[in-house]
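Per chain, numbering begins at 1; letters A, B, ... match sequence-line order.
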Protein chains: 2
Amino acid sequence: MNVRRFPTTAEISREAGVNKSTVSRALKADPRISEATRKRILEIAESMGYAPNAIAQSLATNNSNIVAFVGSETQNYWYQENIQTLARQVTQAGRQLMLFQVMRGGTIDDVIPQMIQYRVAGCIVIPAVEMTDTAAERLRQFGISMVLLNRPGEAFGASSVRQDQAEGGRGVAHFLVAGGHRRIAFIAGNMNPAAQDRERGFLAGLKEIGVEPFAIDRGEFTFRGAYAAATRLLQAEVRPDAIFAANDMMAYATIEAARAAGLTVPDDLSVVGYDNGRVGAWPGFRLTTVAQPIERMFGDALGLILDRQDKPDLPPDRVGIAAGLLIRDSARVPEDLGALPIDCRRDGPFG
Amino acid sequence: MNVRRFPTTAEISREAGVNKSTVSRALKADPRISEATRKRILEIAESMGYAPNAIAQSLATNNSNIVAFVGSETQNYWYQENIQTLARQVTQAGRQLMLFQVMRGGTIDDVIPQMIQYRVAGCIVIPAVEMTDTAAERLRQFGISMVLLNRPGEAFGASSVRQDQAEGGRGVAHFLVAGGHRRIAFIAGNMNPAAQDRERGFLAGLKEIGVEPFAIDRGEFTFRGAYAAATRLLQAEVRPDAIFAANDMMAYATIEAARAAGLTVPDDLSVVGYDNGRVGAWPGFRLTTVAQPIERMFGDALGLILDRQDKPDLPPDRVGIAAGLLIRDSARVPEDLGALPIDCRRDGPFG
DNA sequence: CTGAAAGCGCTAACAT
DNA sequence: ATGTTAGCGCTTTCAG
């Protein structure tokens with residue numbers, strides 16, 4: 001309860017009868033310190049309950065070791081499901097994760113001041129947050145590297161880790177047509193660049209094969225929006241025999257809407273999503289979906305940032321990731337998967 | 001690309017022909033600075049693209065303005081669904097959110113060093129992370145306040161924000177019995193204190209009314225575990241007419257298991273969950289569940305921490321929150337809700 | 001109303 | 001192998 005100050009390197013040095021800098025070196029395993037003194041210093045530090053002050057270290061080294069994650073106020077589970085993966089990786093890299101959140105209708109500019117204030121080492125930005133040139137410029141000015149997820153970084157001079165979302169969409173088009181569907185509807189997302197790419201790729205894919213999209217509706221990337229869209233689609237005079245939803249959240253809604261309409265998936269309706277969210281693995285959904293190797297993508301993103309700490313002139317880099325289709329039971333499966341322009345993998349039954 | 005240093009107060013002061021400290025004061029609206037100079041300094045700062053260095057501020061004030069959120073590697077959506085709420089509130093309070101994650105099988109001790117290193121102002125700890133006395137002691141030593149969520153803080157000398165989970169469980173027992181169920185099964189969670197409280201309260205509630213629990217199985221707070229448990233329960237010779245799952249994730253699994261077994265909810269089986277997760281609002285689930293006022297709870301937790309910045313001897317405080325039942329369609333509803341020992345609220349139909 | 005100076009806890013040349 | 005010395009960028013007495 002006594003408000004005693006935290007032990008500092010100075011106190012340790014006094015106690016050990018050495019200089020502050022010796023302590024500093026001993027603490028960080030500098031090879032020049034003799035084993036004997038290091039051991040002694042470590043013991044003293046330990047006994048005093050010493051804990052290094054990362055704030056002071058950051059100031060002295062001009063290097064914060066904080067990684068920023070810039071998310072948005074989305075309802076989408078993607079961000080939420082995967083933040084834990086990032087947290088783990090950041091921890092394992094000996095860094096800290098700081099969360100920044102852009103409110104609905106805002107842009108990344110809203111959080112730029114805070115990111116700069118804390119001199120974060122770099123930031124990882126999800127597709128749902130709107131980028132701006134001024135923000136990119138400002139970050140560059142302060143030597144903060146950016147990694148954009150699932151969207152091109154070129155326009156902002158940023159790095160990117162990107163599964164080609166258009167390829168994913170295209171793959172789904174081929175998959176659905178090969179599966180024998182001819183009335184293929186699409187439930188689009190919002191203006192988020194990843195959503196746009198998925199749509200573009202999907203439509204391009206259909207065009208390649210000479211199949212007209214049966215219908216296009218908007219679901220705004222929300223459960224509710226997609227539920228309404230799917231319901232409209234399924235209540236029409238002629239209904240689609242397949243629906244591709246631009247993300248899993250909307251695919252869940254589509255499956256529920258189908259069920260509510262008394263339809264059986266995939267017999268009456270095939271549904272394909274995008275994201276490989278966790279709910280899709282539940283037995284009631286068994287969603288066929290485009291999967292992204294999250295673990296690897298975050299790992300790469302983190303790597304790009306760490307590489308650029310202290311190396312302000314390392315140019316941005318881009319890593320591309322192949323799209324892959326995870327096949328479960330929500331869509332009829334074509335005979336010859338090998339002929340598709342997308343990598344396919346089957347997910348065994350639940351349990 | 002030029003690695004020019006960030007503008008500092010010193011540079012501004014030079015430019016403005018005043019002293020560093022004047023700049024410092026002007027920047028933080030110190031009343032003693034004349035409007036004229038303040039205005040001039042602000043303009044210069046602006047024109048130089050100045051951004052305060054929070055790291056340096058923290059060092060100088062011995063105060064980091066960082067709030068730590070300590071989560072675990074759980075599959076539970078609770079943490080994930082609600083982290084956004086916290087992020088928003090922390091931002092609005094002008095603080096930053098740093099994420100700490102305890103790996104499966106670990107305790108809070110694993111992240112204590114990092115929290116201390118960054119001299120976080122305080123930490124918010126979810127029930128899923130295991131607390132230890134040494135951790136509590138260490139945080140106290142460094143003046144870092146703790147707020148435990150949904151678990152008593154007394155044992156650790158910590159503050160807490162707590163919906164009485166036992167009351168919630170008890171309320172469910174009364175609700176189910178009043179709804180006419182007599183074969184009431186329970187799917188328990190894990191050792192997490194909130195889960196334990198729910199179980200304890202639920203069993204106590206049944207006892208009060210003189211109803212024996214029909215069966216108790218364990219779902220480990222996971223979808224998969226609960227799905228297996230529910231399936232066992234529903235395939236028995238005599239099956240329960242109601243199942244209370246210790247959290248929503250397990251309730252979702254229960255509903256899916258019931259559906260897979262060809263049962264109709266709530267006609268053949270009533271299901272009640274705990275947490276008010278988002279999936280429960282979907283039309284396919286419409287889960288009756290114990291709700292927690294997340295917004296308020298995080299707000300209170302944050303408040304407890306902010307109150308204790310700079311006031312190391314303000315004793316821990318506890319805020320209690322009443323349990324409330326959110327009634328949807330997954331469980332038969334008793335006639336007289338007013339007679340129940342828990343606040344009930346109906347959630348309108350989806351859409 | 002503003003300036004001077006010390007200091008927050010640590011690092012990193014530069015000495016020795 | 002260790003000590004000296006100067007910062008890192010900001011805040012905060014204490015003066016004036």
Q | Closest approach of B:P316 to B:G157 (non-hydrogen atoms, all atoms of both residues) | A | CG-O, 3.3 Å

Q.
To check you understand the geometry: which heavy-atom pair defines the closest contact between B:M131 and B:A136, and what is its length?
A.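 For B:M131 versus B:A136, the nearest heavy atoms are CE-CB, 4.4 Å.
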
**Q.** Sugar-phosphate, base or nothing in reach of B:V23, heavy atoms under 4.0 Å
**A.** nothing

Q. Which part of the nucleic acid does B:T37 contact within heavy-atom distance under 4.0 Å: base, sugar-phosphate only, or nothing?
A. sugar-phosphate

Whole-Å distance between [N] [atom2] and [X] [atom1]?
{"X": "B:K39", "N": "C:dT2", "atom1": "NZ", "atom2": "P", "value": "15 Å"}
{"X": "B:N63", "N": "C:dG9", "atom1": "CG", "atom2": "P", "value": "13 Å"}
{"X": "B:I41", "N": "D:dC10", "atom1": "CD1", "atom2": "C1'", "value": "14 Å"}

Q | Donor-acceptor side-chain pairing of B:S24 and B:S21 below 3.5 angstrom | A |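 Result is no, nothing qualifies.
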
Q: Could you tell me whether the phosphate oxygens of D:dC10, OP1 or OP2, come under 4.0 Å of any side-chain nitrogen or oxygen in B:Y50?
A: yes

Q: Compare side-chain N and O positions of A:Q57 against OP1 and OP2 of C:dT11 and report whether any pair is under 4.0 Å apart.
A: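 Yes, such a contact exists.
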
Q: Measure from the side chain of A:S34, starting at C-beta and using heavy atoms only, and say which of C:dC10, D:dA1, D:dG9 lies closest.
A: D:dA1

Q) With sequence neighbours left out, which residue pairs that include part of residues 37-67 of chain A fulfil the ring pair (Phe, Tyr, Trp, His ring centres under 6.0 Å) condition? A) none

Could you list all N or O pairs between the protein and nucleotides 12-16 of chain D that sit under 3.5 Å apart?
| unit_1 | atom_1 | unit_2 | atom_2 | d |
| --- | --- | --- | --- | --- |
| D:dT13 | O4 | B:R25 | NH2 | 2.9 |

Q | A:R38 and A:E35 ion-paired at < 4.0 Å | A | yes

Q | Toward the 5' end of DNA chain C, by each residue's nearest nucleotide, B:R38 or B:A56 | A |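 This one resolves to B:R38.
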
Q) Which residue, B:I33 or A:T9, contacts DNA chain C at a nucleotide closer to its 5' end, judged by nearest heavy atom? A)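 Upstream on the strand: B:I33.
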
(Q) Tell me which pairs pass salt bridge (charged side-chain N to carboxylate O under 4.0 Å, His left out) where either residue lies in residues 144-158 of chain A, with sequence neighbours left out. (A) A:E154-A:R318

